[in-house]
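The model shown is predicted, which means the values in this text are computed figures rather than measured ones. Both counts, for ligands and for their atoms, begin at 1 and track the order of listing.
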Amino acid sequence: MLERIEEIEQRALKDLAQAVDQETLKAWKVKFLGRSAELGEILDGLKDLSKDERPTVGRRVNEAKSKLEAAHQKRSEELRKDELERSLQGERIDVTLPGRMIPRGRLHPATQTLRRIYAIWADMGFQIYRSREVEWDEYNFELLNMPAHHPARDMWDTFYTTTPGMLLRTHTSPGQIHVMRERVPEPIRVILPGMCYRYEQVTARAEFQFTQVEGLAVGKNITFTDLKGTLAAFARRMFDKDVGIRFRAQHFPFTEPSAEMDIECFICGGKGCTVCKYTGWLEILGCGMVHPRVLQNGGYDSTQFSGFAFGMGPERIAMLRHQIDDIRQFWQNDLRFLEQF
Ligand code: FA5
């Protein structure tokens, strides 16, 4: 019997040395130290042994069990250490490595220009007023002195909706009527930024969707000189304090007199280049004194009040500032273009 115990002990120790993880260790424990293990069976069979043999065999079995338990404990610790070491090696992090750069987002060039425009006008006391993009024909044309069939409507190729009289605004000027009707008889100093839509041929200088910033000042004794001085101050802050500017006569049905403002081409310094089409000047906006009929449509007494208005295109201004030669770049979302700003 003692030899059998010895043999079990040796076999168990040999098996234990081969256990490679906690799973096999668990199975080993069940096999050699569990309830129905061989040593357990021997203990159960003690009662069948002779009185002389019983204590010796009993002591020997208990000794073997203790030995195996201690060996199991030791092996288990060894394996746990090995596993920890392996996982530390596998998941090793070099904390001295430089981190991965998170690419920084940036504002769209049109937004950057718009924000600069807002800041300059805000500094001059103009509030931002938002007006709707889907308009009635009445506001986009009629109240701006362009009745139905008026030939001046041809200046704006229009996207009409299926609802009669409803269209996508072709310019931000209808906002003038909304502000006037809301503020009458208070003086007004506002800018109205937003998207405009025109059913136009898309070219390097014209999109069918673009932004405009309208400006409107209404009060007593506002003159064309105020308009010129204010726009000149804006241009010098937007571009360069020494930039040359000029006003050219133009026609808009909702302003009288009307003009367009050009700035000296800062790419060639006025000498002539492809950007200014060899004129030395670049157009940036349309403007004029608010037509008396438009003032009346807005609720103001045109014998008491006067005002000036202007409308500029921020994409065109951004093109000049950054020497971008094609307006279509703005809405193509090509990161190679956008990341330059
Ligand atoms: C107007 O839209 C007038 N409402 C401006 C105005 C307002 C005049 C108040 C008088 C008083 P115009 O069509 O010229 O005018 O457009 C004004 C500006 O919008 C242009 O100078 C240009 O910068 C921009 N713009 C016009 N059409 C396009 C287009 N298709 N793509 C990009 N920008 C455009």
Side-chain angles (χ1 to χ4, degrees), residues 109-110 113-114 117 121 126 129 131 133 135 139-141 143-146 152-159 167-180 188 190-218 222 224 226-228 230-231 234-235 238 245 247-263 275 281-295 297-298 306-321 324-331:
T113 306
L114 265 175
I117 293 172
W121 287 110
F126 284 70
Y129 186 100
S131 169
E133 288 179 30
E135 263 298 356
Y139 284 83
N140 198 77
F141 293 121
L143 295 169
L144 294 176
N145 211 16
M146 286 175 277
R153 287 186 175 216
D154 288 351
M155 286 167 77
W156 294 279
D157 303 297
T158 312
F159 284 112
L167 46 80
L168 297 186
R169 68 174 173 194
T170 56
H171 51 173
T172 40
S173 300
Q176 289 186 28
I177 303 289
H178 292 294
V179 192
M180 284 196 263
I188 298 173
V190 290
I191 55 164
L192 301 115
M195 272 292 163
C196 301
Y197 305 85
R198 290 187 195 174
Y199 187 46
E200 267 186 13
Q201 175 74 44
V202 174
T203 67
R205 287 181 55 77
E207 260 288 4
F208 59 78
Q209 174 185 346
F210 58 95
T211 333
Q212 272 193 352
V213 177
E214 189 88 5
L216 176 69
V218 177
I222 292 182
F224 198 80
D226 296 320
L227 168 64
K228 282 178 76 176
T230 313
L231 287 176
F234 166 78
M238 188 73 206
I245 57 166
F247 287 83
R248 273 180 299 104
Q250 182 47 289
H251 171 74
F252 294 107
F254 35 91
T255 45
E256 181 59 36
S258 307
E260 272 179 345
M261 187 174 100
D262 297 340
I263 59 163
V275 175
W281 296 93
L282 299 159
E283 176 214 315
I284 64 160
L285 56 86
C287 61
M289 298 305 290
V290 182
H291 194 288
R293 201 165 297 146
V294 175
L295 278 174
N297 289 340
S306 57
F308 66 71
F310 57 85
M312 61 180 74
E315 284 93 352
R316 294 252 177 98
I317 293 178
M319 286 169 81
L320 297 178
R321 281 182 72 208
I324 300 163
D325 58 7
D326 196 325
I327 199 169
R328 287 168 286 199
Q329 303 268 24
F330 281 93
W331 311 117

Test item, W156 contacting ligand 1 (heavy atom, 4.0 angstrom)
yes

Worked check of side-chain contact (heavy atoms from CB on, under 4.5 Å) between M312 and I284
CA-CA 6 Å; M312 61 180 74; I284 64 160; 5.7 Å; no

Between L282 and D262, is there a side-chain heavy-atom distance shorter than 4.5 Å?
no

Check the orientation of H171 and F141. Use parallel for under 30°, tilted for 30 to 60°, and perpendicular for over 60°.
tilted

Here the atoms of ligand 1 under 4.0 Å from any heavy atom belonging to E200 are 30 (N)

Give the atoms of ligand 1, by number and element, whose distance to some non-hydrogen atom of A309 is under 4.0 Å.
9 (C), 11 (C)

Just go through F208, F210, F252 and tell me whose heavy atom is the nearest to atom 25 (N) of ligand 1.
F210

Proximal atoms of ligand 1 relative to Q212 (non-hydrogen, under 4.0 Å)
1 (C), 2 (O), 16 (O), 17 (C), 18 (C), 19 (O)

Quick one: does I327's side chain get under 4.5 Å of R205's, heavy atoms only?
no

Does some non-hydrogen atom of Q250 fall short of 4.0 Å from ligand 1?
no

When the ring planes of F224 and F247 are compared, do they come out parallel, tilted or perpendicular, using 30° and 60° as the limits?
perpendicular

Do side-chain atoms of T203 reach the backbone of A206 as a donor and acceptor pair under 3.5 angstrom?
yes

Please determine whether the number of non-hydrogen atoms from other residues, nucleotides or ligands lying under 6.0 Å from atom CZ of R321 exceeds 12.
yes

S258 near ligand 1 by a heavy-atom separation under 4.0 Å
no

Pick whichever of M261, M312, E214, M319 has a heavy atom sitting closest to atom 7 (C) of ligand 1.
E214

Short list, please: which atoms of ligand 1 are under 4.0 Å from a heavy atom of A206?
29 (C), 30 (N), 31 (N)

Looking only at non-hydrogen atoms, which of H251, R198, E260 approaches atom 12 (P) of ligand 1 most closely?
R198

Contact atoms of ligand 1, heavy-atom distance to Q176 under 4.0 Å:
9 (C)

pair I263-L320: side-chain heavy atoms closer than 4.5 Å
yes

Could you list which atoms of ligand 1 come closer than 4.0 Å to a heavy atom of E207?
29 (C), 30 (N), 31 (N)

Using a 3.5 Å cut-off on N or O atoms only, is T255 in polar contact with ligand 1?
no

Tell me which protein heavy atom sits closest to atom 21 (O) of ligand 1, plus the residue, atom name and distance to 0.1 Å.
E283 OE2, 2.9 Å

With side-chain contact (heavy atoms from CB on, under 4.5 Å) as the test, would you mind laying out the steps for E315 and I324 before giving the verdict?
CA-CA 10 Å; E315 284 93 352; I324 300 163; over 6 Å; no

Report the part of E315 (side chain from C-beta onward, or backbone N, CA, C, O) that has a heavy atom under 4.0 Å from ligand 1; answer both or neither where that applies.
neither

Who's closest to atom 24 (C) of ligand 1 heavy-atom-wise, of C287, G313, P253?
G313

How does T170 reach ligand 1, if at all, at less than 4.0 Å between non-hydrogen atoms: by side chain, backbone, both, or neither?
neither

Ligand 1 atoms in contact with G286 (distance to a heavy atom under 4.0 Å):
6 (C), 8 (C), 10 (C)

Does D157 reach the side chain of T170, with side-chain heavy atoms less than 4.5 Å apart?
no

Between Y139 and H178, how do the two ring planes meet: parallel, tilted or perpendicular, split at 30° and 60°?
parallel

Are there more than 12 heavy atoms of other residues, nucleotides or ligands under 6.0 Å from atom CG of D325?
no

protein heavy-atom neighbour closest to atom 5 (C) of ligand 1 works out as G311 CA, 3.9 Å

For F254, atoms of ligand 1 separated by under 4.0 Å from a heavy atom
3 (C), 4 (N), 6 (C), 7 (C), 8 (C), 9 (C), 10 (C), 11 (C)

Is it the case that the side chains of E214 and Y129 hold a donor-acceptor pair, with the cut-off being a distance below 3.5 Å and no angle test?
no

Residue and atom name of the nearest protein heavy atom (relative to atom 22 (C) of ligand 1), distance in Å to one decimal:
R316 NH1, 3.2 Å

